[in-house]
Amino acid sequence: EFNNPAYGKMDPFENVMETAMSITEDGKTAYFSKGIYIEPKFGIFSKKQLVHKIYEAKKVKGKWTQIREIALAPKYYSSLNPTISADGKRLFFASDMPGTFGNYDIYVTDRKKDGSFGIAKNLGEKVNTKKDDLYPNLANGNLLFFASNGRKGHGGLDVYMVQVDQKKVGKSVNLGAPINSAQDDFSIILKTDKNAGYVMTNRGKDNQKLHKVAFTINPKKEKVLDEQRNREIFNAIHGDIQIDYSNTVFEDQ
């Protein structure tokens, strides 16, 4: 029902966390990001440059094969944290390519009938900030969760949600405490049948290690989450939320 990422270790070079496969609803196509080293653009004696690229894999007879790079950003820039829509038609990802508002921005690209991808579109300032916006995770077709440290939040990376239509996006909403903390909070994994989930975070004594913190969502209990945020999240994951969309860069490109 949801394309929830599995998480790996922290990347000390880019200060980003790599995610595992995001798989289409039919289970036949997957997308993942991977760090590679390339020759620097300038200086023949310079160290190789670490960039992240997104790859597509096909499942054939129970095995992942036909792996190929999806060229979504220029050679010397990264594209990472892919999340694919259930129908396989939209791919969201983060990138530091030219044109970002900050360090990393979240983009979306449409998958064409021939399997190729169109030009990546920046989701605009309703989503992206002057700092890092990472780890997009798509649920319920057009509900996007992501992490950002570019807004006034609880500290470090906070988790936000936003409705993303085909041509417009809504207002990004901070999920509040206890989902977000003073440390880095990367993403949430939802269990809609139990109105609960987990937040991936490095809060705690050892902030270099990732772990899950459980939470529950109940619109009738104000003690679990802030009342307004609680109701918004509950309605959103059950497909009942309605947002007045406004124009962004996403529509103009």
message: On a heavy-atom basis, which atom in A120 and which in M97 lie closest, and how many Å separate them?
response: CB-CE, 4.4 Å
- request: Report yes if some heavy atom in the side chain of Y107 is under 4.5 Å from a heavy atom in the side chain of N122; otherwise report no.
  value: yes
message: Let me confirm one number: the NZ-CG distance from K131 to N149, rounded to the nearest 0.5 Å.
response: 6.0 Å
query: Do I106 and N128 touch side chain to side chain, with heavy atoms closer than 4.5 Å?
result: yes
Test salt bridge (Lys or Arg N to Asp or Glu O under 4.0 Å) applied to D105 - qualifying residues, sequence neighbours left out: none
query: Counting heavy atoms not belonging to K58, are there more than 12 under 6.0 Å from its NZ?
result: yes
statement: In this structure, OG of S78 is separated from CG of L72 (nearest 0.5 Å) by 12.0 Å
T201 OG1 to F186 CZ distance, which is reported to the nearest 0.5 Å: 7.0 Å
- prompt: Relative to each other, are the rings of Y31 and F117 parallel, tilted or perpendicular (30° and 60° limits)?
  reply: perpendicular
query: Can you check whether Q66 reaches V60 side chain to side chain, under 4.5 Å on heavy atoms?
result: yes
- prompt: Where do I23 and G27 come nearest, in terms of heavy atoms and distance?
  reply: CG2-CA, 3.7 Å
query: Looking only at heavy atoms, what is the nearest atom pair of G118 and T109, with distance?
result: O-OG1, 2.7 Å
query: Which of parallel (below 30°), tilted (30 to 60°) and perpendicular (above 60°) describes F146 and Y160?
result: parallel
message: Could you report the tightest heavy-atom contact between V162 and G170, atom names first, then the distance?
response: CG2-O, 3.4 Å
task: Could you tell me whether the side chain of L175 reaches within less than 4.5 Å of the side chain of D185, counting heavy atoms only?
output: no
task: Only counting residues at least two apart or in another chain, list the ones meeting side-chain contact (heavy atoms from CB on, under 4.5 Å) with N103.
output: D132
message: If we ignore hydrogens and angles and just use 3.5 Å, is the side chain of D184 paired with the main-chain N or O of N202 as donor and acceptor?
response: no
field: Smallest separation among heavy atoms of K53 and A73, with atom names
entry: NZ-O, 4.0 Å
- request: Grab the two heavy atoms, one from L143 and one from Q163, that are nearest each other, plus how far apart they are.
  value: CD1-OE1, 3.0 Å
- request: Please lay out, stage by stage, how I84 and T29 fare under the test side-chain contact (heavy atoms from CB on, under 4.5 Å).
  value: CA-CA 9 Å; I84 189 74; T29 308; over 6 Å; no
field: Donor-acceptor contact below 3.5 Å, side chain N174 vs main chain G176
entry: yes
message: With heavy-atom distances below 4.5 Å as the criterion, would you say the side chains of N137 and I188 are in contact?
response: no
task: Measure the shortest side-chain to side-chain distance between Y104 and N81 over non-hydrogen atoms and say whether it is less than 4.5 angstrom.
output: no
- prompt: How would you list, by chain and number, every residue that makes a salt bridge (Lys or Arg N to Asp or Glu O under 4.0 Å) with K48, sequence neighbours excluded?
  reply: E39
message: As an exercise, state the distance from CG of D96 to OH of Y76, rounded to the nearest 0.5 Å.
response: 14.0 Å
F92 vs L123, side-chain contact (heavy atoms from CB on, under 4.5 Å): CA-CA, chis, key distance, verdict: CA-CA 9 Å; F92 293 82; L123 291 191; 4.2 Å; yes
field: From CG (L80) to NZ (K34), nearest 0.5 Å
entry: 14.5 Å
task: Could you tell me whether the side chain of P82 reaches within less than 4.5 Å of the side chain of S33, counting heavy atoms only?
output: yes
- prompt: So do the side chains of Y135 and V159 get within less than 4.5 Å of each other, counting heavy atoms only?
  reply: no
query: Can any side-chain N or O of K130 pair as donor or acceptor with the backbone N or O of R151 at less than 3.5 Å?
result: no
- line: To the nearest 0.5 Å, atom CG of D133 lies from atom CD of E125 at 11.0 Å
